[in-house]
Amino acid sequence: MALLEACGLSKTYGQGRLRVEAVRDVSLSVEAGEAVALMGPSGCGKSTLLGLVGLTLAATSGTVAVNGAPAPVEERKRARLRNEFFGYIQQDLAIVDTDSVAGNVTVPLEYARPRVGRRQRLRRAYEAVGGVGLGWAFRRRASRLSEGERQRVAIARALVNRPSVVIADEPTAALDVATAQEVVTLLLSLREHGASLLVATHDPRVAARCDRVVAMEDGREVEVAEGSPSRVFVASGDE
Ligand SMILES: Nc1ncnc2c1ncn2[C@@H]1O[C@H](COP(=O)(O)OP(=O)(O)OP(=O)(O)O)[C@@H](O)[C@H]1O
């Protein structure tokens with residue numbers, strides 16, 4: 001049984017002339033401890049698919065099962081599952097610049113059930129921040145950090161609630177090559193704790209370090225030769 005299993009997912013935005021079929025009949029599974037890269041040209045539906053699989057978007061059709069059970073439809077139950085099962089790294093990072101690193105990283109724990117007390121929240125946040133090598137910046141304002149450091153804050157926040165699956169949207173897009181490699185190493189190290197990674201990326205170097213590549217084009221999954229992310233990248237016309 002896959003940890004996460006999506007079947008026949010489709011998502012249509014808008015209506016009439018504004019109608020966009022962003023994802024069309026895509027199936028995808030993620031096993032425990034697996035890192036899966038989602039590749040394809042800009043606008044092919046990667047972020048939308050991450051939203052559907054990560055239960056932050058409602059599908060037009062198709063199903064998502066978590067640990068073999070269908071994802072709940074009711075919003076409160078979905079929110080709870082999102083908080084317990086997933087960690088998210090959004091494309092724009094969604095870091096509150098005016099808050100400290102500690103303040104940003106404790107956010108998922110504020111919604112955790114059963115409740116996690118303040119002292120425990122800070123302890124776990126400090127552990128997560130230390131785990132990404134930013135212990136020294138725990139009390140620092142997020143706005144004072146470099147782009148690579150902010151990316152690490154986003155990773156710490158995604159990990160703080162010990163998720164089973166981390167969903168990352170272009171986590172290396174704004175980084176130089178060396179920092180991007182460090183960030184990927186950090187993300188892949190989650191597997192040592194049994195967590196899985198589903199990462200949308202344009203970067204073949206990121207995809208090459210994952211266990212498996214799922215390629216998309218125009219909302220659909222396309223065939224990819226086993227273990228050849230660079231071919232996908234070239235075929236997608238981005239290089
Ligand atoms: N909220 C929305 N309303 C209408 N159309 C949308 C919305 N979000 C995305 N789209 C459209 O859906 C299609 C897929 O977008 P999506 O962001 O999922 O692609 P992507 O592969 O992640 O792109 P990128 O790599 O540039 O982030 C695009 O045509 C986009 O313009």
Side-chain angles (χ1 to χ4, degrees), residues 3 30 32-37 50 54 56 80 82-201 203 205-211:
L3 191 61
V30 180
E34 191 181 33
V36 179
L50 290 186
T56 56
R80 187 165 179 172
R82 281 198 292 270
N83 202 259
E84 280 173 3
F85 189 80
F86 293 103
Y88 303 94
I89 301 172
Q90 289 173 231
Q91 203 162 9
D92 64 0
L93 298 187
I95 284 173
V96 180
D97 277 328
T98 50
D99 204 350
S100 64
V101 169
N104 274 280
V105 173
T106 46
V107 168
L109 295 175
E110 283 161 23
Y111 297 97
R113 294 291 176 271
R115 271 182 59 82
V116 180
R118 184 179 147 73
R119 192 179 288 189
Q120 179 77 345
R121 289 203 298 268
L122 282 172
R123 196 181 61 72
R124 280 176 53 184
Y126 188 72
E127 252 173 50
V129 170
V132 299
L134 280 183
W136 57 270
F138 194 58
R139 295 284 176 193
R140 192 165 284 205
R141 249 181 199 236
S143 60
R144 298 187 54 203
L145 302 180
S146 71
E147 205 46 43
E149 289 162 352
R150 289 158 59 78
Q151 188 61 257
R152 284 164 186 267
V153 172
I155 294 175
R157 186 183 50 195
L159 297 182
V160 75
N161 207 18
R162 300 172 190 146
S164 299
V165 176
V166 171
I167 294 198
D169 200 350
E170 299 282 358
T172 60
L175 307 179
D176 61 72
V177 173
T179 313
Q181 287 299 331
E182 283 169 25
V183 162
V184 176
T185 301
L186 263 178
L187 282 173
L188 293 176
S189 70
L190 331 158
R191 292 178 301 179
E192 289 156 22
H193 307 285
S196 307
L197 177 69
L198 177 60
V199 55
T201 183
D203 188 342
R205 287 172 296 234
V206 175
R209 294 180 61 190
C210 292
D211 301 311

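Positions are given from 1, in the same order as the sequence printed here.
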(Q) For a quick test of reading the model, state the closest non-hydrogen atom pair linking Ala168 to Leu197 and the distance between them. (A) CB-CD1, 4.4 Å
Q: Would you check if the side chain of Asn161 reaches a backbone N or O of Pro163 as a donor-acceptor pair within less than 3.5 Å?
A: no
Q | Contacts of Phe138 that satisfy ring-ring contact (aromatic ring centres under 6.0 Å, His included) - sequence neighbours left out | A | Tyr126
Q.
If I take atom OG1 from residue Thr172 and atom CD1 from residue Ile89, how far apart are they, to the nearest 0.5 angstrom?
A. 10.5 Å
Q | Taking every non-hydrogen atom, the tightest pair across Asp203 and Arg205 | A | OD1-N, 2.8 Å
Q | Exercise: identify the closest heavy-atom pair between Leu50 and Ala200 | A | CD1-CB, 3.7 Å
Q) Is there a donor-acceptor pair under 3.5 Å between the side chain of Ser146 and the backbone N or O of Glu149? A) yes
Q. For the side chain of Gln151 and the backbone of Pro171, is there at least one donor-acceptor N/O pair under 3.5 Å apart?
A. yes
Q. Could you state the interatomic distance from CZ (Arg141) to OG1 (Thr98), rounded to the nearest 0.5 Å?
A. 6.5 Å
Q. How many angstroms lie between CZ in Arg150 and OG in Ser143, if you round to the nearest 0.5 Å?
A. 8.0 Å
Q. Restricting to pairs with a member in residues 106-119, which pass side chain to side chain donor-acceptor pair (under 3.5 Å), not counting sequence neighbours?
A. none
(Q) Can you confirm whether more than 12 heavy atoms, excluding those of Arg191, are under 6.0 Å from its CZ atom? (A) yes
Q) Pick one: which of Ile95, Leu109, Val101 meets side-chain contact (heavy atoms from CB on, under 4.5 Å) with Arg157? A) Ile95
Q. Distance-only, no hydrogens or angles: does the Asn104 side chain make a donor-acceptor pair with backbone N or O of Val96 under 3.5 Å?
A. yes
Q: Please tell me if the side chains of Thr201 and Val184 come closer than 4.5 Å, counting only heavy atoms from C-beta onward.
A: no
Q: Indicate the atoms forming the closest heavy-atom contact of Leu3 with Ser196, along with that distance.
A: CD2-OG, 3.4 Å
(Q) Keeping Tyr88 on the side-chain end and Gly54 on the backbone end, is there a donor-acceptor pair under 3.5 Å? (A) yes
Q: Please report the shortest heavy-atom distance between Gly131 and Leu186, naming the atom on each side.
A: O-CD2, 3.7 Å
Q: First locate atom CZ of Arg152, then atom CG of Leu187, and finally report the distance between them rounded to the nearest 0.5 Å.
A: 10.0 Å
Q: Taking Asp169 for its side chain and Gln90 for its backbone only, find out whether a donor-acceptor pair lies under 3.5 Å.
A: no
Q: Starting at OG of Ser100, measure out to CG of Leu145 and round the result to the nearest 0.5 Å.
A: 10.0 Å
(Q) If you compare all heavy atoms of Ala128 against all heavy atoms of Val105, which two are closest, and at what distance to 0.1 Å? (A) CB-CG1, 4.4 Å
